[in-house]
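Keep in mind the model is a prediction, meaning the values are calculated, not measured. Throughout, residue positions are numbered sequentially from 1 according to the sequence presented.
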Amino acid sequence: MGDDERRRVLEKRLREHAAAEAEDLVSRQERARAEKARRAAVRAADQERAEDERAAAAAAETVRQALACEDCGQQQAGRLCEACGYRCRTETLTVETGLLAATWAAVLDDRDDIDAVTAGVRASLEADTKHTQQKFLDSVQPGELDTDPAGAASVLAFAAREPPPGGSASSSWSCSLSERR
């Protein structure tokens with residue numbers, strides 16, 4: 001084979017190789033564009049789904065807010081009005097506090113002893129609650145609570161959750177704990 005022939009064969013191979021490379025480049029670019037479009041479509045679908053979920057959650061919350069209180073029947077309370085919510089949480093905290101005190105002060109194998117400790121804690125908390133609520137009632141002008149009965153009920157229910165300043169409940173718990181040890 002002569003030099004001219006060899007050059008033509010090499011040029012032909014180079015052209016074929018360059019054409020194959022160009023074809024491969026075009027194919028990769030098309031796949032990249034298709035993948036980019038697919039990701040954009042998925043992203044748009046995800047955003048639309050998220051917006052739909054937010055709208056559904058907002059609608060569900062609106063419906064929930066329109067429900068009456070399950071305990072007292074107050075309208076537009078979202079299943080539990082503020083005052084009943086405080087009462088419910090206070091009851092839960094009272095039970096938990098009684099059980100916590102019982103773990104330290106009662107004989108854990110004796111159900112009657114546990115019940116006695118929890119009853120003592122409940123009585124102490126209820127006395128503190130009554131005292132705090134009475135202090136609040138004494139601090140307002142007559143008829144002032146009549147303007148917002150729901151607000152007054154919420155304040156009174158919230159007062160049950162707050163320990164009184166220098167509260168007797170904490171001191172009586174510590175006394176009952178030290179007496180039993």
Side-chain angles (χ1 to χ4, degrees), residues 1-106 108-109 111 114 118 121-122 125 129 132 136 147-165 167 169-170 173:
M1 197 184 312
D3 284 342
D4 286 340
E5 176 96 16
R6 191 177 299 159
R7 191 179 311 135
R8 270 184 286 197
V9 169
L10 283 174
E11 284 176 359
K12 180 181 174 188
R13 285 184 184 166
L14 281 174
R15 279 191 298 273
E16 287 172 355
H17 184 69
E21 285 290 322
E23 232 177 80
D24 186 46
L25 176 64
V26 168
S27 173
R28 284 188 310 219
Q29 287 175 337
E30 286 175 2
R31 283 194 307 268
R33 276 191 292 271
E35 179 63 21
K36 186 176 179 180
R38 185 192 68 77
R39 279 185 275 168
V42 167
R43 192 175 311 113
D46 285 346
Q47 287 174 346
E48 185 177 330
R49 186 173 28 260
E51 287 174 18
D52 290 346
E53 287 173 1
R54 279 192 293 274
E61 179 62 17
T62 301
V63 168
R64 189 189 72 77
Q65 287 297 326
L67 295 174
C69 177
E70 294 173 347
D71 286 348
C72 69
Q74 177 183 331
Q75 294 301 310
Q76 306 262 322
R79 282 195 208 145
L80 207 58
C81 71
E82 186 177 24
C84 292
Y86 286 142
R87 282 188 210 101
C88 181
R89 286 189 291 273
T90 299
E91 177 60 26
T92 301
L93 290 172
T94 300
V95 169
E96 289 176 1
T97 302
L99 292 175
L100 180 64
T103 60
W104 289 99
L108 297 180
D109 294 340
R111 185 68 200 168
I114 293 171
T118 56
V121 169
R122 178 177 292 280
L125 286 172
T129 297
T132 303
F136 169 73
T147 60
D148 185 11
S154 292
V155 169
L156 291 172
F158 183 78
R161 295 183 63 216
E162 295 300 306
S170 58
W173 297 335

Exercise for review: Report the C-alpha separation of Arg122 and Thr118 in whole Å, then their side-chain angles, then the decisive distance to 0.1 Å, and conclude whether the side-chain hydrogen bond (donor to acceptor under 3.5 Å, both in side chains) test is met.
Suggested key: CA-CA 6 Å; Arg122 178 177 292 280; Thr118 56; over 6 Å; no

Review point. What do the steps show when you test Glu96 against Leu93 for side-chain contact (heavy atoms from CB on, under 4.5 Å), and what is the final call?
Key: CA-CA 5 Å; Glu96 289 176 1; Leu93 290 172; 4.1 Å; yes

**Study point:** side-chain contact (heavy atoms from CB on, under 4.5 Å) evaluation trace for Arg8 with Lys12
**Key:** CA-CA 6 Å; Arg8 270 184 286 197; Lys12 180 181 174 188; over 6 Å; no

**Study point:** Steps toward salt bridge (charged side-chain N to carboxylate O under 4.0 Å, His left out) verdict (Arg49, Asp46)
**Key:** CA-CA 5 Å; Arg49 186 173 28 260; Asp46 285 346; 2.3 Å; yes

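More than 12 heavy atoms of other residues, nucleotides or ligands shown are found within 6.0 angstrom of CZ on Arg64. Atom CZ of Arg28 has more than 12 neighbouring heavy atoms from other residues, nucleotides or ligands inside a 6.0 Å radius. Within 6.0 Å of CD on Glu48 lie no more than 12 heavy atoms contributed by other residues, nucleotides or ligands.
Not a single donor-acceptor pair under 3.5 Å links the side chain of Ser27 to the backbone N or O of Glu23.
Within the model, atoms CG of Asp71 and CZ of Arg79 stand 13.0 Å from one another, a figure rounded to the nearest 0.5 Å. With rounding to the nearest 0.5 Å, the separation of CG in Asp109 from CD1 in Ile114 is 8.0 Å. Considering CG of Leu125 and OG1 of Thr132, their distance stands at 10.5 Å, rounded to 0.5 Å.
Side-chain contact between Thr103 and Leu100 is present, with heavy atoms from C-beta onward closer than 4.5 Å. Counting heavy atoms from C-beta outward, Arg87 and Cys84 have side chains that approach closer than 4.5 Å.
Salt bridge present: Glu35 and Arg39 bring a charged side-chain N and a carboxylate O closer than 4.0 Å. The existence of a salt bridge linking Glu16 and Arg13 is excluded, since no basic side-chain nitrogen approaches an acidic carboxylate oxygen closer than 4.0 Å.
A side-chain N or O of Gln65 and one of Glu61 form a donor-acceptor pair less than 3.5 Å apart.
For Glu11, the side-chain contact (heavy atoms from CB on, under 4.5 Å) criterion is met by Arg7, Arg15, not counting sequence neighbours.
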